[in-house]
S.K.: 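First, the structure itself, so that you have it in front of you.
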Number of protein chains: 2
Amino acid sequence: MIQAAPIDAVMRALADPTRRAVFQRVVSTDEITVADLTHGSGVTQGAISQHLKTLKLAGLVAERPEGRKVYYRAEPEGLAPLADWMNHYSVFWKDRFSNLRELLKEIDHD
Amino acid sequence: MIQAAPIDAVMRALADPTRRAVFQRVVSTDEITVADLTHGSGVTQGAISQHLKTLKLAGLVAERPEGRKVYYRAEPEGLAPLADWMNHYSVFWKDRFSNLRELLKEIDHD
DNA sequence: ACATCAAATTAGCATATACTAATGCATTAG
DNA sequence: CTAATGCATTAGTATATGCTAATTTGATGT
């Protein structure tokens, strides 16, 4: 091990395909319960809870307990370390900026 | 395991801090040999070779053998899967676009 | 030819990780 | 109060991973 920065937690959290899939499902919904995430995930509820814990520690998701359910939502700022890291290599992906360019236009018109 | 896409190889390759450090050193130079990468890395030459192999399989570096040395260089397009993945969540990092905005200006003036 | 050097590969080991099954802990329903 | 529900946590296990030390492979130098 060489460092233990936030980028580390983020990259480790997103390295696992199952966990990345969980994150994507959380992102694609406003809020979603553990039970709903478990359905169709291919793993047990316990595994989902473990993945959510990892994502939470990485700052990628947040929870909102309600009764005996717990709703999870994506945490936008959690991706910041990764965005910053990418930014550092941005000269590399100049050619892939078409979408971003469009996005910037949208932001400008907000 | 749920999938085995290129994003998977890239994320796994960049998940390890030591390997990420190797990549950064490769990026920061035009070309660099295994021996040079080994110096100051804190791990053995064998370990560095292993990390380079992983990075190569992920498409993040390329090699140029010359005599008994092998020069490694960064492979820009290897980051494309990660850039695309980030792009998918771009609505999340709207607020972190200042640098990109500057970069786009530079590109526009090329 | 022989020794040396650079890098890749291998075997072995220790740790980390992803998972399941089982259990624990609140909360709600009857 | 008791049972059931939703989620977290734990123990245990199998596999993956990162590392070292040693060896192999290939190229250069003497």
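Quick note on labels: first sequence line is chain A, next is B, and so on, each numbered from 1.
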S.K.: Ignoring the backbone of B:E63, work out which of D:dG18, C:dA8, D:dC7 is nearest its side chain.
M.R.: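 It is C:dA8.
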S.K.: Where the side chain of B:T44 is concerned, which of D:dC19, D:dC7, D:dT20 is the nearest nucleotide?
M.R.: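 Nearest to the side-chain atoms of B:T44, counting from C-beta on, is D:dT20.
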S.K.: Quickly work out the A:R64 CZ to D:dG6 P distance and round it to whole Å.
M.R.: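 After rounding, the gap between these two atoms is 16 Å.
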S.K.: Pairing donors with acceptors under 3.5 angstrom, does anything connect the side chains of B:T54 and B:Q50?
M.R.: no
S.K.: With a non-hydrogen cut-off below 4.0 angstrom, is A:Y71 in contact with a base, only sugar-phosphate, or nothing?
M.R.: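 If one applies the 4.0 Å heavy-atom cut-off, A:Y71 turns out to touch nothing in the nucleic acid.
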S.K.: Name the residue closer to the 5' end of DNA chain D, choosing between B:G67 and B:G42 according to the nucleotide with the nearest heavy atom.
M.R.: B:G42
S.K.: Measure NE2/A:H39 against P/D:dT5 and give the value in whole Å, please.
M.R.: 12 Å
S.K.: What is the nucleic acid contact for A:A47, judged by heavy atoms within less than 4.0 Å: base, sugar-phosphate only, or nothing?
M.R.: base
S.K.: Rounded to the Å, how far apart are B:H51 NE2 and D:dT17 C1'?
M.R.: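 That distance rounds to 10 Å.
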S.K.: Start at the 5' end of DNA chain C and walk down; is the nucleotide closest to A:V43 or to B:T33 reached first?
M.R.: B:T33
S.K.: From CD of A:Q45 over to P of D:dA8, roughly how many Å is that when rounded to an integer?
M.R.: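 In whole Å, D:dA8 P lies 7 Å from A:Q45 CD.
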S.K.: Taking B:V26 as the starting point, is it possible to reach B:Y71 by hopping between hydrophobic residues whose side chains are less than 4.5 Å apart?
M.R.: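 Per the 4.5 Å side-chain linkage, B:Y71 and B:V26 are not co-clustered.
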S.K.: Can you find a donor-acceptor N/O pair under 3.5 angstrom joining the side chain of B:Q50 to the base of D:dT20?
M.R.: yes
S.K.: Rounding to a whole Å, what distance do you find between A:L57:CG and D:dA8:C1'?
M.R.: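 One finds 13 Å between C1' of D:dA8 and CG of A:L57, rounded.
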S.K.: Nearest to the side chain of A:V34 - D:dT9, C:dT9, D:dC7?
M.R.: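 Looking only at side-chain atoms, A:V34 lies closest to D:dC7.
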S.K.: Salt bridge or not for B:D16 and B:R20, using N-O below 4.0 Å?
M.R.: no
S.K.: Under 3.5 Å, is there a donor-acceptor pair between the side chain of B:R64 and the main chain of B:Y72?
M.R.: no
S.K.: D:dA8, C:dA7, D:dG29: which one has an atom nearest the side-chain heavy atoms of B:R68?
M.R.: D:dG29
S.K.: Send over the distance from B:R12 CZ to C:dA18 P, rounded to a whole Å.
M.R.: 7 Å
